Structures are given as C-alpha cells and as structure tokens.
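Following: one structure in structure tokens, then a few remarks.
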Amino acid sequence: MTARRRYWLMKSEPDAFSIDDLQRVGTEPWTGVRNYQARNFMRSMQVGDGVLFYHSNCDVPGIVGIAKVASTPYPDPTQFDRKSDYYDPKATQEQPRWDLVDVSFERKLARTIALEEIRRHADELGEGFALTQRGSRLSVLPVTAAQWKLLLSLE
DNA sequence: GCCAACGTTGGC
DNA sequence: GCCAACGTTGGC
C-alpha cells in the first residue's frame with residue numbers, strides 16, 4: 001500500500017547545481033541539507049513524489065524545472081567526509097544526523113516561473129506556503145496538490 | 001533554560 | 001555587496 005503522490009519544492013543555487021546539471025547527470029543525491037526541518041521533509045519523501053526545482057540566490061529566482069524523488073531517504077554520505085564542506089563531526093555511521101533522497105530529472109519548464117510572479121499569487125497559494133512566507137529560508141518544503149497545479153499553470 | 005553572539009540564507 | 005531574518009551555539 002503506497003500513499004498518494006506528494007509534492008515538494010527544492011531550492012538549489014544554480015552556480016552550485018542547476019537544473020541543467022540535473023539534466024546532464026539524470027539523478028543526483030541531494031547532499032548538503034543541514035536544516036532539521038528540511039531534513040525531516042526529506043525523511044518523509046517517497047519514490048515518485050513530484051519536485052519543483054527552484055533556483056535561488058541568482059538573477060531571477062524561481063521555479064525552473066520538474067524533478068521527482070528517485071530513492072527512499074538514506075544517510076547523506078557527506079556528513080562523514082572530513083574533506084567535505086558538509087562534514088558534521090557529531091554524525092556517526094551508527095547515528096547519522098542527516099538524510100537525503102536522490103532526485104531525478106523530469107523536464108525543464110518552458111520558462112522560469114519567477115518568485116516575483118509567484119508572489120502575485122500569494123493569496124491563492126495560502127499563508128502556509130513557506131516559499132512566499134516572510135523571512136522563510138527553508139530549502140526543502142512541501143507543496144500541496146492545489147499549489148502544484150496552480151504554480152505549473154503559470155508556465 | 002535563557003539569550004547574546006555568530007554564521008548562513010537568499011532576495012534585492 | 002548589503003542586510004533582514006533566521007537557526008545554532010555556548011556561556012552562564
């Protein structure tokens with residue numbers, strides 16, 4: 001018995017890892033999330049869940065593509081790697097702190113759905129939508145089916 | 001358990 | 001590059 005497909009939005013800085021990078025590699029482990037709320041969302045992901053791929057910290061922040069969850073959650077290997085920027089000395093193999101999922105490319109959007117445009121639909125998206133919440137920096141966040149539909153209708 | 005200091009995120 | 005907002009750390 002599998003639960004109904006769910007939806008997420010995941011942020012990435014295009015300088016570090018862009019939608020084109022994901023298209024090139026096909027599937028990528030979503031390493032480096034070091035925020036408990038974001039981690040907990042990844043822990044609840046299931047294979048096949050829909051992902052809105054979002055470019056942050058760039059000229060035109062916004063949704064640029066669609067991906068999907070391609071694995072169940074497992075420990076982020078970079079937490080054990082002393083040479084990694086994401087190394088966490090408090091994490092052990094026995095008790096990992098950080099989990100991730102693999103994300104696989106589905107398609108690029110015909111155009112970027114800019115944050116500025118998304119904000120104009122803030123009322124329809126609802127107050128609980130973390131992307132447009134004042135001050136929110138969450139890099140992995142849930143999207144309802146209605147929000148998914150609305151956002152993609154802007155494409 | 002409080003909270004000041006610090007580091008990070010990410011829009012602008 | 002700036003800086004507001006936020007999360008984490010660590011002294012007490």
Side-chain angles (χ1 to χ4, degrees), chain A residues 6-25 28-45 49-69 73-144 146-148 150-155:
Chain A
R6 285 185 296 185
Y7 304 98
W8 310 92
L9 182 145
M10 298 173 86
K11 295 181 186 175
S12 185
E13 300 191 12
D15 286 350
F17 190 79
S18 70
I19 187 70
D20 292 324
D21 292 325
L22 184 62
Q23 182 167 28
R24 192 175 317 115
V25 299
E28 180 76 3
W30 205 262
T31 55
V33 170
R34 294 295 180 269
N35 169 281
Y36 288 106
Q37 206 179 347
R39 178 204 66 182
N40 292 343
F41 285 134
M42 284 203 290
R43 282 183 172 173
S44 68
M45 288 181 180
D49 283 357
V51 174
L52 297 172
F53 196 107
Y54 179 96
H55 279 174
S56 66
N57 217 352
C58 55
D59 282 353
V60 184
I63 299 163
V64 294
I66 298 176
K68 65 184 173 189
V69 175
Y74 63 95
D76 180 342
T78 63
Q79 71 192 302
F80 310 124
D81 179 0
R82 288 176 179 281
K83 283 170 292 193
S84 168
D85 288 344
Y86 303 124
Y87 176 65
D88 184 344
K90 292 178 181 164
T92 63
Q93 296 279 353
E94 294 72 30
Q95 282 195 296
R97 286 187 144 192
W98 306 108
D99 288 344
L100 54 67
V101 295
D102 292 346
V103 170
S104 64
F105 179 82
E106 210 141 78
R107 68 178 179 91
K108 283 174 75 169
L109 298 193
R111 63 181 192 86
T112 300
I113 302 172
L115 177 61
E116 184 268 332
E117 185 177 358
I118 294 169
R119 284 197 197 284
R120 283 191 251 126
H121 297 269
D123 286 349
E124 299 152 82
L125 290 163
E127 287 182 13
F129 190 46
L131 185 70
T132 47
Q133 258 172 8
R134 173 188 163 83
S136 173
R137 302 177 314 187
L138 200 55
S139 65
V140 177
L141 53 112
V143 175
T144 67
Q147 288 163 345
W148 174 275
L150 170 65
L151 289 166
L152 291 181
S153 77
L154 303 176
E155 183 186 8

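Proteins come first, then strands; the chains are lettered A, B, ... in the order of their sequence lines, and each starts at number 1. Bear in mind that the values here come from a model prediction, so they are computed numbers and not experimental data.
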Ignoring hydrogens and angles, write down the donor-acceptor pairs under 3.5 Å from the side chains of residues 122-133 of chain A, residues two or more places apart or on other chains.
residue: A:E124; atom: OE2; partner: A:H121; partner atom: ND1; Å: 2.9
residue: A:T132; atom: OG1; partner: A:F129; partner atom: O; Å: 3.4
residue: A:Q133; atom: NE2; partner: A:E127; partner atom: O; Å: 2.9

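Taking atom CH2 of A:W98 as the reference point, atom C1' of C:dG7 lies 10 Å away to the nearest angstrom. When rounded to the nearest whole Å, the span between CG of A:L138 and P of C:dG7 equals 9 Å. One interatomic measurement links the two molecules: CG of A:D85 to P of B:dG7, which rounds to 16 Å at whole-angstrom precision. Between the CG atom of A:N35 and the C1' atom of B:dG10 there is a distance of 14 Å, rounded to whole Å. Put simply, CG on A:L115 is 11 Å from C1' on B:dC12, counting in whole angstrom units. Between the CG atom of A:L9 and the C1' atom of B:dT9 there is a distance of 15 Å, rounded to whole Å. Distance A:L141 CG to B:dG10 P: 10 Å, rounded to the nearest Å. Between A:Q133 atom CD and B:dG10 atom P the separation is 14 Å, expressed in whole Å.
Nearest to the side-chain atoms of A:Y36 among the listed nucleotides B:dC12, B:dT8, C:dT8 stands C:dT8. When each of C:dT8, B:dG10, B:dG11 is scored by its nearest atom to the side-chain atoms of A:S139, the top-ranked nucleotide is B:dG10. For A:R119, counting side-chain heavy atoms from C-beta on, the closest listed nucleotide (B:dG11, C:dT8, B:dT8) is B:dG11. Here the side chain of A:K90 is nearest to one of C:dT8, B:dC12, C:dG10, namely C:dG10.
A:Y86 has no side-chain polar atom (N or O) that falls below the 4.0 Å cut-off from OP1 or OP2 of B:dT8. Regarding contacts with the backbone of B:dT9, every side-chain N or O of A:K11 stays at 4.0 angstrom or more from both OP1 and OP2.
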A correct 5'-to-3' footprint of nucleotides 1-6 of chain B, with B, S and - meaning base, sugar-phosphate only and no protein heavy atom under 4.0 Å, is ------
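Between A:D76 and A:R39 there is no salt bridge, since no side-chain nitrogen of the basic residue lies less than 4.0 Å from a carboxylate oxygen of the acidic one. A:D20 and A:K108 are joined by a salt bridge, as a carboxylate oxygen and a charged side-chain nitrogen come within less than 4.0 angstrom of each other.
Between A:R97 and A:N57, the residue whose closest nucleotide on DNA chain C is further toward the 5' end is A:N57.
The base of B:dT8 has none of its N or O atoms less than 3.5 Å from a complementary donor or acceptor on the side chain of A:R34.
Environment of NZ in A:K11: crowded, with over 12 heavy atoms of neighbouring residues, nucleotides or ligands closer than 6.0 Å.
Residues A:D21 and A:S18 have side chains that bring a donor and an acceptor to within less than 3.5 angstrom of each other.
Put simply, CE on A:M10 and CZ on A:F41 are 11.5 Å apart, with the number rounded to the nearest 0.5 Å.
The two residues A:V25 and A:E28 make their nearest non-hydrogen contact at CG2-OE1, 3.8 Å.
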